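In what follows, a structure is listed as structure tokens, so that the remarks can point back to it.
The structure presented is a predicted model; accordingly, all values stated were derived computationally and were not measured. Note on naming: letters A, B, ... go to the chains in the order of the sequence lines (proteins, then strands), and numbering restarts at 1 for each one.
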Protein chains: 2
Amino acid sequence: MSTDAVSADTWHDYARSQLHPVLEGALHCFTLHGYHGTTIRMIAAASRLSVAGVYHHYPSKHAILVAVMSQAMEDLWQRSIAADAAAQGGPVDRFVNIVTCLLEFHTQRRDEAFIALTEIRSLEANARADHIAKRDRQQRLVESVVEDGVAAGAFTTEHPRDASRAVVTMCTSVSDWYRPDGALSSSELAARYCGIALGAVGGHTQTGGPVSA
Amino acid sequence: MSTDAVSADTWHDYARSQLHPVLEGALHCFTLHGYHGTTIRMIAAASRLSVAGVYHHYPSKHAILVAVMSQAMEDLWQRSIAADAAAQGGPVDRFVNIVTCLLEFHTQRRDEAFIALTEIRSLEANARADHIAKRDRQQRLVESVVEDGVAAGAFTTEHPRDASRAVVTMCTSVSDWYRPDGALSSSELAARYCGIALGAVGGHTQTGGPVSA
DNA sequence: CCTACCGATCGGTAGG
DNA sequence: CCTACCGATCGGTAGG
């Protein structure tokens, strides 16, 4: 077969950062002060460039925000469909993989996820529409898996769309409070959230699973 | 008995707005543009005052943000402990009342809740510490109810604190997407979220409840 | 002498 | 990618 043998498990890989130095500096400033609370001079200092140097790479402060947010949403989407495809079993396995993917992204790419969640109102109309479309696409993926699970009898929720939204929001909110130096690692927290999310959609939580004590 | 016969169910009442006109105008601006994206002149225009008129009531733009956020957190807290106390039964009833209270607040006081959630980084150090303390107090209330439920055998979650945080965040996130002109009313959505939240903590969801079709 | 403001403009700083 | 700047607008305050 001529399928890409490498891409199968890349949704777990968070080694490389792949973000432009200007975006890296800007992301740090945005996280601390918000978009409007961040000045071009802060971004220049954080990326060790002059003000004019920043404008050599990006035409405006807004373009920097758009680049940060769109790359984050695209990264999450590619990982999500890879996680979905990697599940060999039924809707339960797909659900667990996608929730795991959401948790890992919102802990491993915490700042990107936080900005993508909180700076939507700072986007100009066109960029905002693009962002909302990407967010809805992500939401619909979870909804379709939950609806498949209900149809297969694996999930008992009477409100698949509300339960899906609840699950997605509890996962995205992780970028709001998670600290890498806390008690739980990214994968430990992901395992716990799979159980919590399964309960939310009326699935069976495997309490005797492979999670270590 | 000399108990206050009125205060028992006031956690359901969202009739009065009780917000100072300046705070009302500022809240509207903050919701649309964020704190740093809002100018004093926007707030003055929204509250039909001159700039100097605004400064007669509040000493600074930051003091306006603090007033909006602290009043929101205090309002939610008072409603939460009233909802908790109003539950006559065990931990399940207390849990359902508190989740209902959270949902009603985040739909009926959507803008206040949204600002309290997204503008923490715009608060100066002391005000931020106060806000975090109020947020933690709210979090601990839910945790204590869930832990009581686990002790009583009503909830089966193995991770009460993580499940509590997941429940609180799914409820607070409602202020991010709920629209009053949408398909579901505040109380209908609250009823659905009680079922979803019960599932998240490993409780029994009453599928044949009094929710109308 | 109080309150609830107003028209005008201050010293500095923002994005570009 | 820098120094030297701009048009405009910022948060906050003066006297009345």
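Atom-to-atom, OH of A:Tyr58 to P of D:dC1 comes out at 13 Å; the value is rounded to the nearest Å. Between B:His62 atom NE2 and D:dC10 atom C1' the separation is 17 Å, expressed in whole Å. A straight line from CD1 of A:Ile43 to C1' of D:dC1 spans 17 Å, rounded to a whole angstrom. One atom, NE2 of A:His33, and another, C1' of C:dG15, lie 17 Å apart when rounded to the nearest Å. Here the C1' atom of nucleotide D:dT13 and the NZ atom of B:Lys61 are 17 Å apart, to the nearest Å. For the pair B:Arg48 CZ and C:dC6 P, the interatomic distance rounds to 12 Å; values are reported in whole Å. In this structure, B:His56 places its NE2 atom 17 Å from P of D:dG12, rounding to the nearest Å. Atoms CD1 (B:Ile40) and P (D:dA8) sit 23 Å apart, rounded to a whole Å.
Nucleotides D:dG12 and C:dA8 place their C1' atoms 13 Å apart, quoted to the nearest Å. Comparing C:dA14 with D:dC6, their C1' atoms are spaced 12 Å from each other, to the whole Å.
For the pair A:Glu119 and B:Arg121, the salt-bridge criterion is met [side-chain N within less than 4.0 Å of a carboxylate O]. By the 4.0 Å N-to-carboxylate-O rule, A:Arg94 lies close enough to A:Asp148 to be salt-bridged with it.
Contacts of B:Val51 with the nucleic acid, taken as non-hydrogen atoms under 4.0 Å apart, include base atoms. B:Thr38 comes within 4.0 angstrom of the backbone, heavy atoms only, and of no base.
Classification of the A:Tyr35-A:His62 ring pair by plane angle, with boundaries at 30° and 60°, yields perpendicular.
Neither OP1 nor OP2 of D:dC10 sits under 4.0 Å from any side-chain N or O of B:His36. In terms of phosphate contacts, A:His57 brings a side-chain nitrogen or oxygen within less than 4.0 Å of OP1 or OP2 of D:dC1. Proximity of B:Tyr55 to the phosphate of D:dG12: a side-chain N or O atom is located under 4.0 Å from OP1 or OP2.
B:Thr118 and A:Thr118 form no side-chain donor-acceptor contact under 3.5 Å, judged by distance and modelled atom types alone.
A cation-pi geometry, defined here as NZ or CZ lying under 6.0 Å from the six-membered ring centre and within 45° of its normal, holds between B:Arg79 and B:Tyr14.
Between A:Val54 and B:Ser60, the residue whose closest nucleotide on DNA chain D is further toward the 5' end is A:Val54. Both A:Arg41 and A:Gly53 lie near DNA chain D, and the one whose nearest nucleotide falls closer to the 5' end is A:Gly53.
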